[in-house]
Each structure stands twice: as C-alpha cells, then as structure tokens.
There are 2 protein chains.
Amino acid sequence: MTHPKGAQPYHHGDLRNALLLAAEQLLAEQGAASLSLRAVAKRAGVSHAAPYRHFRDRAALLRALAQGGFERLAGAIELAAGNASQNPEQKLVEAGVAYVRQAVERPALTRLMFGGSVMVEDDAAYRQASAAAFEALLKIIGEGVAAGVFRARDPRELALVAWTSMHGMTMLMTAGLLDSNASGNGGIDDQVRSIARNVIYGLSK
Amino acid sequence: MTHPKGAQPYHHGDLRNALLLAAEQLLAEQGAASLSLRAVAKRAGVSHAAPYRHFRDRAALLRALAQGGFERLAGAIELAAGNASQNPEQKLVEAGVAYVRQAVERPALTRLMFGGSVMVEDDAAYRQASAAAFEALLKIIGEGVAAGVFRARDPRELALVAWTSMHGMTMLMTAGLLDSNASGNGGIDDQVRSIARNVIYGLSK
DNA sequence: GCAATTATGTTTACACTGTCTACACTTGTG
DNA sequence: CACAAGTGTAGACAGTGTAAACATAATTGC
C-alpha cells in the first residue's frame, strides 16, 4: 500500500467484481444494447481499457453477468420449492412464481440471459449454471411422479412443459407484452399461479 | 428518368423495402446486436445516410422488421388453424406447431420481435400486429370452449396458458437452450405436439 | 411547358464505441 | 533487492449512429 490516503490506489483491488456490479446497474438502467464497456469502466472509476484485464471482450463481461443471473435463478427456485409444502403440485407452482418473479425483478438481465445473443460459444460454466436451474425443476417433477401426483411419464418431458410455460410467461412479461404489473406485485404472482394450475390440470375437460 | 442506362438512377425507387429486405438478410446472418445501419445501406447499394429518409433511426428500422414478423406470424397461425381438422384440440396443437416453426425458421427475427429492446414506445401498428397473433389463438380457444372441448373458463385465461407455453418453447429454442434440431425438422414439430398435448391434458393424474 | 416545391440521396462531420498497443505502476517471488 | 508477472493508463484506430449542408430527381401549381 504505497498510496497516500485520500488518493485512489493505483490498483483497484477487486475490479472484476466492481465491473460486474457497475455493469449490472447500467444494464438495469438502460438495457443491454446500449451498455458500453466504457461506461462500465467509468462507473467503476477506472480507465476505459482497464476491463480488458479481466474480460476478454464485451461479450465476456455480458456472459459473466448472465451466468450470475442463472445462479441466482437456480437458487431462488430451490429456495421456493424448499419453503413450499410437501405437496409436489404446490412446490411446482411456487417454483414457477419464484422463476417469474426473479425474472420480472430484473428484466434486462433476464433478456440478456435468454436473449440468445450471448453464449454462442460453449462457455462451460455458463451451460452448467443454466442447467442447474432446470435440474431444480426436474427434481420437483420427479418427486411428484414418484408420489403418483403427476402422470407417469418421463419427468424430463413433464419438466419441459412446466419450464416452457413459466419461461414463456417470463419472456412475454419482460418484453412488455403482458401486464407484468397488473394490480401490483401480488398480481404477478397470482397470474403465475393461475397459469401454473392450468398447466397442471390441463385445458381440456 | 434522366439516368443513362447502365448507371444507377439517383433515386432508388423502392428504397424503403430494399432496406427492409437487406436488413432482414443481415439480421439472419449476424443477429440484431451487430446489425449496423451502414451495412444495411451498403447492401442496398446506397449511401450510409440514405436510410434516414425512410426511418427516423436504427430502432425504427428494427421496429418495422419486427412488425413484419408479427404479421407473418399471425398469418401462419391462422393458416395452420384453418388447415387443421375441426377438432379444436388439434387446431390448437397445429397452431402451436406453426408458431414455433415460424419462429425457429427465423430465430434472429423472433428474438428481435420478443426481445423487448424494440417497441418501448407505443408504436400503434406494432402493437396491433402483435395483438392480431394473439387474437388468432383466442379464436381457436373460444371455439373449443363453446364446443365443450375445453374447460368452461374465460377463453383469455386459457389462451394465455397456451400462448405462454408455445412462446416459452420458442424462446428456449431460439436461445439455443433446447435442441431445436433434435432429429431433423420433424423433430421440432413432434416436440411441440408433445408439449401442446401435455398442456391440454395437464400434468396431474 | 416550366418554375417552385418537395422528396430522396450524398457528403461531410462529430461524438462515441470496442479493441489494440505501448507504457506505468504495484506486488509478489527468487 | 532485482525482476517478472499482474494490473491500470494513455493514445490510436476503424467502425458506428446521427445531424447538417448540399445535390438531384419527381411532383405540383400555374
């Protein structure tokens, strides 16, 4: 530590995380398209080329951001399923609520995660993070099938149905094509529960 | 027409459409993020500022592209529903197949349409085009409810369920998180049919 | 017919972006 | 304590969106 107090140290100390934090803020403020690496550097109080010591390029930064989002998502699903009752149906519904809620709270991050513009290369950590979210869901379904609550089918098939529904709702909401703020925040949750139950019980008579 | 033959006329004649066409090609080739207005202009054989005579800015071009996508989507749904048998369930399934197929054929356009980065302002034509796609779906469901095939609920509620499922599948596929090319093109259709039927009949026993 | 107006393209210019290279400082290691 | 590796800075470059000034073609009013 040679820097006199009051002056900024030449080395930031934790720039990588500081950049991710700044980037997440800017992402939420103005969306991914207009998120400039230079603005991220400026917000972190660092020169415009400094990020290149921690991320190969802009895409790598965005990928790291998305990866963090998947980790939080998987955590939220597992937490919700754990808190819900033992009833697999209810677990599934609450997992869906957690999924959508998590996404709607961070629409820009969600669109980044699922937008497809990131990740084209097979970033291993990235794929693993997104797979973990699906596995959490798969576990709930598997238990439900074992308990005889859900139809005796390949849990992967049923999990896919649940996932696509919740994911579709998420995407439509973050795209602004669904009233994501219909009658407050509880409104979203109820909307998700309604859809989830309809998926569970089916559309047909 | 003062231009000698062999030379390009000063006025293009149909530049707006030429720009949209060029943009759609570039979109498919390299995605929306790196779609530059200048590249579009170059492909249309025109100077880099010419597009500004037809689109206020880059976003306006993208919005026009997305709007066209919605119109095609609505058309594909209606066509599929019309071709299917009178059975509302089957109509619904085939509408889903059309929806997903249309999207998977143009992944970049689809992500543009539903990516949320476009359209923030209430572009009336845009909203109308996207609403038309939903109305086509609503009609199928309404007929099914009237025929007693689907449960006696608000058709909007049921349509929402169907929409979210199909849309979720679409988004996961175009993001590369689902095997969109699992065993050829028929593979997609079958996957959609499987999910659609599961939604119709429900997950629970 | 033909001038005036409007529509449509071009050129030039500017600020901003991602990224590269050369350099400076700091920190650890022999 | 030298020196190598790691981390941050400064400057440069090509490419971007967009605005302004200008050029040309098409249209309109007489």
Integer-rounded Å distance: C/dT10 P and B/K42 NZ: 13 Å
Out of the candidates B/T164, B/V104, B/T174, B/V192, only one should pair with B/M169 under the side chain to side chain contact (heavy atoms under 4.5 Å, CB included) rule; please name it. B/V192
ring-ring contact (aromatic ring centres under 6.0 Å, His included) filter on A/F55, not counting sequence neighbours, yields none
Can you tell me the distance, in whole Å, between the CG atom of B/L26 and the P atom of D/dG17? 11 Å
What I want to check is whether an N or O donor and acceptor connect the side chain of B/R38 with the base of D/dG17 at under 3.5 Å. yes
Close approaches to DNA chain D from residues 49-58 of chain A, in residue order (heavy atom, under 4.0 Å): A/A49, A/A50, A/R53, A/H54
Within the pair B/S47 and C/dT11, is there a side-chain N or O less than 4.0 Å away from OP1 or OP2? no
Partners of A/R38 by salt bridge (Lys or Arg N to Asp or Glu O under 4.0 Å), sequence neighbours excluded? none
Regarding D/dG11, can its base be found pairing with the side chain of A/H48 as donor and acceptor, where the two atoms are less than 3.5 Å apart? yes
Who are the side-chain hydrogen bond (donor to acceptor under 3.5 Å, both in side chains) partners of A/N17, not counting sequence neighbours? A/D14
Separation of C/dT8 atom C1' from B/D14 atom CG, nearest Å, is 13 Å
Provide, to the nearest angstrom, the distance between the CZ atom belonging to B/R16 and the P atom belonging to C/dG9. 12 Å
In DNA chain C, stems of three or more consecutive pairs, Watson-Crick or G-U, each with both distances under 3.5 Å, turn out to be C:1-30 with D:1-30
Selection residues 62-89 of chain A - residue pairs positive for ring-ring contact (aromatic ring centres under 6.0 Å, His included), sequence neighbours left out: A/F70-A/F114, A/F70-A/Y126
Atom pair distance, as rounded to whole Å: CG in A/L35 and P in C/dC16: 17 Å
